[in-house]
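Down below is the structure, laid out as structure tokens.
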Amino acid sequence: MPGSAPPAPRWPPVVFRRAVPPPVAGRPPGVTAPSVTAPSVAAAAEAFRAGPLPGAPWPPLAHAALIGIGIFLYAGARIALNASDPADNLGNVDPLNTLFQLVILAGSLVATAFHGRQTARLALRVWPFLVLVAMMMASSLWSQSPANSFRRSLAFITMMLFVTSGVAAFGVTRMMRLILGTILFIVVASLGEAVLRPQIGFDTGDYANAIRGVFLQKNGFGMALLGGAMALSYLVLERRRLRWTDGVILLVLLVMLVLSRSTTSLLLTMMTAAATIAFLWLDRGGYWMAAIWLALALAAVIAPLIYAAIGSEGVFELLGKDSSLTGRVYIWAGVWQAIEDRPLLGYGYSAFWIVGSPGVNAIWAAVRWEVPTAHSGYLEVLLQLGWIGAVLVTAMALGTVLYAGMALFRGPRRRGMWMLLQLVILVILNYSESALLNPDLQTVFWIMMLLALQERPLAPRPTPEWRRTGFVAVRG
């Protein structure tokens, strides 16, 4: 009609054509071959900042900072405000680290509120730890220090909220990246302490030349470095291949372990590296190479233990130890006497090593130094929660083995391998260190993998018929 507006242009209909590029002369004008653009570094960084729950009111960068502070504390690190020996301030209140703990508590509560439904769902998956926490709280009724048992139980609950809310917001893999990044930061901070404040950065006594960095003892530094190696192992297995940066990070961790003179953590880190390579070969079907690397992994730890069993003094001298495992044998003898006094329920959670208690005074008099722990995770459980608690922890470990075994058959397979490695490390580590029932990095790993092992593998999306037959959608 005269004066009427011309009809709006319409897009040509969508048709399916075979994905064979036609001759240039016959290609319709304006139609180009389909292309795929790889995501840029900026886009990848933005995806990380967005987190798995885009649009959530909780600031992802603030939550990442909270995770870093929490891992710093749960790894056992601390910031010394004065230049005196940290061992001289044991038992005193550290205002800065107390502030950090309050930040972790408040931040975990806020994160749990923002991710309430998912955090509650994840918490139900770690119900064995909920049962353990219930016994910790109940131990306040028979504890020789009820206030300490109650307070430490709340700290354990805070750690569980920290882990579940972190996994709800970031996922297991991103949490592992944050853990590894925090451990590398701890390495830099520890080197800074050793250089700028050697009276803090180096240990004392027989290990005066061992770097302890931002830790109270060199063994704490070693266990944190072992945690970094475990996080690196998980990321390599998830990626299914090695990068040159993985070798650089592993080399840094090994060098720092040598400088810290933490023999147990050094051997376990070497075992972790060899086992990780073995799992990669096993996942690809290379059974012979996997067997070789697994043998190397086991030899890294079993060989020194065999020599120790036959009493080879030369091996102990090579490792910088003595045949009494640096006095642990005498500590264990006194601890067993204390366990026999209260075998069923123990002395209460975190309530035995109290200054002035009769059991502690007897052990200190026997070993002639103020030992802070039993230097054995198994004896520590018996001291705190008795044989009933030991049965509960054993049942938790067996349940985790069951989950890991099921993952080996139904998936996620590589996570099942990693969890079995983590359990082996816990078994070996707790022979000479107290790494059970503590709100620390090893427990964080245990909770995270219980969550990861219960995730069913995602079913692959069916390929559309037009893609299987070689057609692509174009205009015109």
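What you are looking at is a predicted structure, and each value in this text was computed from that prediction instead of being measured.
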Considering only distance and modelled atom types, tabulate donor-acceptor pairs under 3.5 Å from the side chains of residues 390-409, sequence neighbours left out.
residue: T394; atom: OG1; partner: A390; partner atom: O; Å: 2.8
residue: T400; atom: OG1; partner: M396; partner atom: O; Å: 2.8
residue: T400; atom: OG1; partner: W446; partner atom: NE1; Å: 2.9

Counting only pairs under 3.5 Å, give me each side-chain donor-acceptor contact of residues 220-229, with atom names and distances, residues two or more places apart or in other chains.
none

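Here CD1 of I71 is found 5.5 Å from CG of L441. Values are rounded to the nearest 0.5 Å. Here the straight-line distance linking atom OG1 of T112 with atom CE of M160 works out to 11.0 Å at 0.5 Å rounding. Interatomic distance, CD1 of I104 versus CG of L161, reported as 12.0 Å (0.5 Å rounding). Rounded to the nearest 0.5 Å, atoms CE (M230) and CE (M449) are 9.0 Å apart. Considering CG of N219 and OG1 of T264, their distance stands at 7.0 Å, rounded to 0.5 Å. Here CZ of R174 is found 9.5 Å from CG of L178. Values are rounded to the nearest 0.5 Å.
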* After noting the C-alpha distance and the side-chain angles of T373 and F352, does the key distance pass the side chain to side chain contact (heavy atoms under 4.5 Å, CB included) rule? -> CA-CA 9 Å; T373 66; F352 179 77; over 6 Å; no
* To do: Step by step, work out the side chain to side chain contact (heavy atoms under 4.5 Å, CB included) result for D341 and Y347.
  => CA-CA 9 Å; D341 293 336; Y347 291 82; 3.6 Å; yes
* Take L450 and R125 through the test side chain to side chain contact (heavy atoms under 4.5 Å, CB included) and record every step on the way to the result. => CA-CA 7 Å; L450 268 184; R125 291 185 181 181; over 6 Å; no
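When all heavy atoms of S260 and L257 are compared, the closest pair comes out as OG-O, 2.9 Å. Between S108 and T158, the closest heavy-atom pair is OG-O, 4.2 Å. For the residue pair M137 and S153, the shortest heavy atom distance occurs at SD-CB, 3.1 Å. For the pair L429 and A435, the tightest heavy-atom approach, listed with the atom from each and the gap, is CD2-CB, 4.0 Å. L421 and A275 make their closest contact through CD1-CB, 3.9 Å (heavy atoms, listed as atom of the first residue, atom of the second, distance). Closest approach of L235 and R177 over heavy atoms only: CD2-CG, 3.7 Å.
Of the N and O atoms on the side chains of W353 and E380, at least one donor lies less than 3.5 Å from an acceptor on the other residue. Between Y234 and R415, the side chains place a donor N or O and an acceptor N or O closer than 3.5 Å (distance only, hydrogens not considered). Side-chain contact, S149 with S143: a donor N or O sits under 3.5 Å from an acceptor N or O.
Between the side chain of Q384 and the main chain of G348, no donor-acceptor pair closer than 3.5 Å is present. Of the possible donor and acceptor atoms, one in the side chain of R414 sits under 3.5 Å from a partner among the backbone N and O of L237. A donor-acceptor pair under 3.5 Å is absent between the side-chain atoms of W418 and the main chain of T276, judged by distance alone. No side-chain donor-acceptor contact under 3.5 Å links T443 to the backbone of P439. Between the side chain of Q144 and the main chain of A351, a donor-acceptor pair closer than 3.5 Å is present. Of the possible polar contacts, none joining the Y378 side chain to the S434 backbone as a donor-acceptor pair under 3.5 Å is found.
At most 12 heavy atoms of other shown residues, nucleotides or ligands fall within 6.0 angstrom of atom CZ in F150.
When side chains are defined from C-beta on, S139 counts as touching L385, because their heavy atoms get closer than 4.5 Å. Counting heavy atoms from C-beta outward, M159 and D440 have side chains that stay 4.5 Å or more apart. With a 4.5 Å cut-off on side-chain heavy atoms, M176 and F445 count as touching. Residues M270 and L254 meet the side-chain proximity criterion, which asks for heavy atoms closer than 4.5 Å. Within the 4.5 Å cutoff, the side chain of L109 has heavy atoms near those of the L105 side chain. M136 is not listed as a side-chain neighbour of R152, based on a closest heavy-atom distance of 4.5 Å or more. Residues M135 and I388 have side chains in contact (heavy-atom distance under 4.5 Å, counting atoms from C-beta outward). I183 is not listed as a side-chain neighbour of L232, based on a closest heavy-atom distance of 4.5 Å or more.
Aromatic ring centres of W142 and Y349: separated by at least 6.0 Å. Aromatic pair W332/Y431: ring centres closer than 6.0 Å.
For residues 240-256, the salt bridge (charged side-chain N to carboxylate O under 4.0 Å, His left out) pairs, not counting sequence neighbours, are R239-D246, R240-D283.
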